Amino acid sequence: MDPIDDQRSEVGRGLFQSHPFADHLCGDRGGSGIVGSQAAHTLRRLQPQLPIAIGGRDLAKAEAVAAKVGGAHGVAVDLKRADLGLAENAEYSAVAIFLKDETLNSMRFAQHRGLPYISVSSGSFELGPEVSRFVHRPEAAPILMASHWLAGAAIFPVLHFAKSYRALETIHIGVLLDEEDMGGPAAYADYERITGVSPAALTLRNGHFTWVNGIKAEGRFTSVDGTPMVAQAYSPFDIMGLAAATDANSIRLDLALGESASRRRGEPFSTEIVVELQGLGKDGEPHRSRHEIVHPAGQAPLTALGVALGVERLLGLTGGGPVAPGLYLPEVIIEPDYFVERLLEFGARIESPGELSS
């Protein structure tokens, strides 16, 4: 899950008119906002010929973003309607949504038309409605549930660095979201929903999935400049995804909302992801490592990249043919090494201080 820009007043549903056959719809409340707009620009950079439809309640804003993206156009989208208010003869090839669609009409629309669908704003405790809609129509469309931290910016580096281990025992992820990098009112509302409706966070401890709150949810990690950060357990999809992918015994993600290392240096805010792994190395000996991912422009470019890479893969524009109908997590259909390469290409800095003492 990721904090998003002011979705209530901005575009961002995400119809992507795709490849030779149709538009890709970038869906509501986000498409013309910070993350949705950056996702469209990122997708344009990755796929220069891909037609894109920027959808949102405010057509003028959608059209303004589309003009900047190039090879795109704006459409008015109404999430209260099962057809999203779109013309029946308008053709699309995928749908990406940047907000919590409480109606699930965006998913319903995608299934009805057999379009790949990607969502990024659900909490781990909110899986039920989306999974149920998929189970009732499993053959309809590929559904990509990408509500990981910043749409995959943490889980893919973990899986990349996990390759140096024979067996992983512990995965700890510390994420620092600068308090100036929260976005608008809707983003804050999204954060409040996740932390308020479900004040407990999912963790894996000694092989047991456990929801923690109160004192047990309190955490700490060290920022990239050595500053200790007070944090709180948080549970985007990374926890369950990593548990299935690595068989690690203990997994936890702690979120700190505060001042990033760059701002402490007097520079603009950045976003930080600190990964600490522990297990057996390839030589069978105990091994620990620390890895730091920083983007100097904050969380939005990373989320945008994660969505764009998901769209690319769903449409078969990279990594193989179009993805068949099914229920997917990003790490199942995108290679970690490819994702990490793209992270670096799009401005992230990744450093590994080296092996830690066991």
Side-chain angles (χ1 to χ4, degrees), residues 1-4 7-8 27 29-30 35 79 96-108 117-136 138 143-155 158 171-175 177 182-183 185-219 231-246 248 250-257 273 299 303 306-307 310 326-332:
M1 220 286 303
D2 56 274
I4 305 177
Q7 303 160 333
R8 298 190 190 284
R29 302 184 217 166
V35 177
L79 284 183
I97 190 99
F98 297 88
L99 79 161
K100 180 61 179 174
D101 178 7
E102 295 176 347
T103 69
L104 283 186
N105 278 334
S106 56
M107 183 176 177
R108 182 179 177 183
Y117 175 83
I118 177 171
S119 65
V120 296
S121 296
S122 292
S124 295
F125 64 94
E126 297 176 304
L127 286 172
E130 288 174 286
V131 172
S132 178
R133 180 161 285 280
F134 167 77
V135 169
H136 278 269
I143 306 299
L144 183 60
M145 304 182 73
S147 296
H148 300 55
W149 182 252
L150 306 188
I155 191 170
V158 171
I171 300 171
H172 182 253
I173 303 170
V175 298
L177 180 65
M182 275 294 291
Y188 187 74
D190 214 26
Y191 175 79
E192 286 288 289
R193 187 188 82 255
I194 298 295
T195 58
V197 175
S198 179
L202 182 65
T203 64
L204 181 67
R205 182 178 176 84
N206 297 325
H208 296 270
F209 285 103
T210 306
W211 293 89
V212 298
N213 57 16
I215 295 177
K216 292 184 178 180
E218 295 175 1
Q232 193 80 5
Y234 196 62
S235 53
F237 288 8
D238 303 70
I239 307 299
M240 54 189 181
L242 286 170
T246 68
S250 297
I251 304 172
R252 177 172 169 134
L253 186 148
D254 284 312
L255 165 65
L257 181 62
I273 301 171
Q299 58 91 10
T303 305
V307 173
L327 186 63
Y328 301 96
L329 296 173
E331 64 272 17
V332 175

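Quick note: numbers below take in every heavy atom, side chains included, and nothing from hydrogens, waters or symmetry partners. Values in this document were obtained by computation on a predicted structure and should not be read as measured data.
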So do T210 and K216 actually touch side chain to side chain, heavy atoms under 4.5 Å? no
When every non-hydrogen atom of E130 is compared with those of S119, the smallest separation belongs to OE2-OG, 2.9 Å
Any side-chain heavy atom of Y117 within less than 4.5 Å of one from I97? yes
As an exercise, state the distance from CD1 of I143 to CZ of R133, rounded to the nearest 0.5 Å. 9.5 Å
At their closest point, which heavy atom of G310 faces which heavy atom of I118, and how far apart are they? CA-CD1, 4.3 Å
Nearest heavy-atom approach of S121 to S147 is N-OG, 3.1 Å
Heavy atoms, side chains only, cut-off 4.5 Å: are H148 and L329 in contact? yes
Measuring from atom CZ of R108 to atom CG of L79, what distance do you get when rounded to the nearest 0.5 angstrom? 12.5 Å
Hey, what do you get for CE (M107) to CE (M145), rounding to the nearest 0.5 Å? 7.0 Å
If you define the side chain from C-beta out and look only at heavy atoms, does anything of S250 sit under 4.5 Å from N206? yes
Considering all heavy atoms, the nearest L204-F209 contact: CD1-N, 3.7 Å
Looking only at heavy atoms, what is the nearest atom pair of K100 and S122, with distance? NZ-OG, 2.9 Å
Go through it in stages, so that I can follow the logic: the residues are V35 and V120, the test is side chain to side chain contact (heavy atoms under 4.5 Å, CB included), and I'd like the CA-CA distance, side-chain angles, deciding distance and then a yes or no. CA-CA 11 Å; V35 177; V120 296; over 6 Å; no
Are side-chain heavy atoms of P330 and F237 found at a separation under 4.5 Å? no
Spacing of OG belonging to S235 relative to CH2 belonging to W211, to within rounding of 0.5 Å: 5.0 Å
Quick one: does any side-chain atom of D238 pair with a main-chain N or O of L242 as donor and acceptor, under 3.5 Å? no
Please answer whether the main-chain N or O of A217 pairs with a side-chain N or O of R252 as donor and acceptor at a distance below 3.5 Å. yes
Value for CH2 (W149) from CG (L255), rounded to nearest 0.5 Å, stands at 5.0 Å
Are the side chains of V158 and E331 in contact, using a 4.5 Å heavy-atom criterion? no
Shortest non-hydrogen contact from A231 toward D254: CB-CB, 3.7 Å
Answer yes or no: is there a side-chain heavy-atom contact under 4.5 Å between I173 and V175? yes
Looking at I171, I251, T203, I155, which hits side chain to side chain contact (heavy atoms under 4.5 Å, CB included) with I239? I251
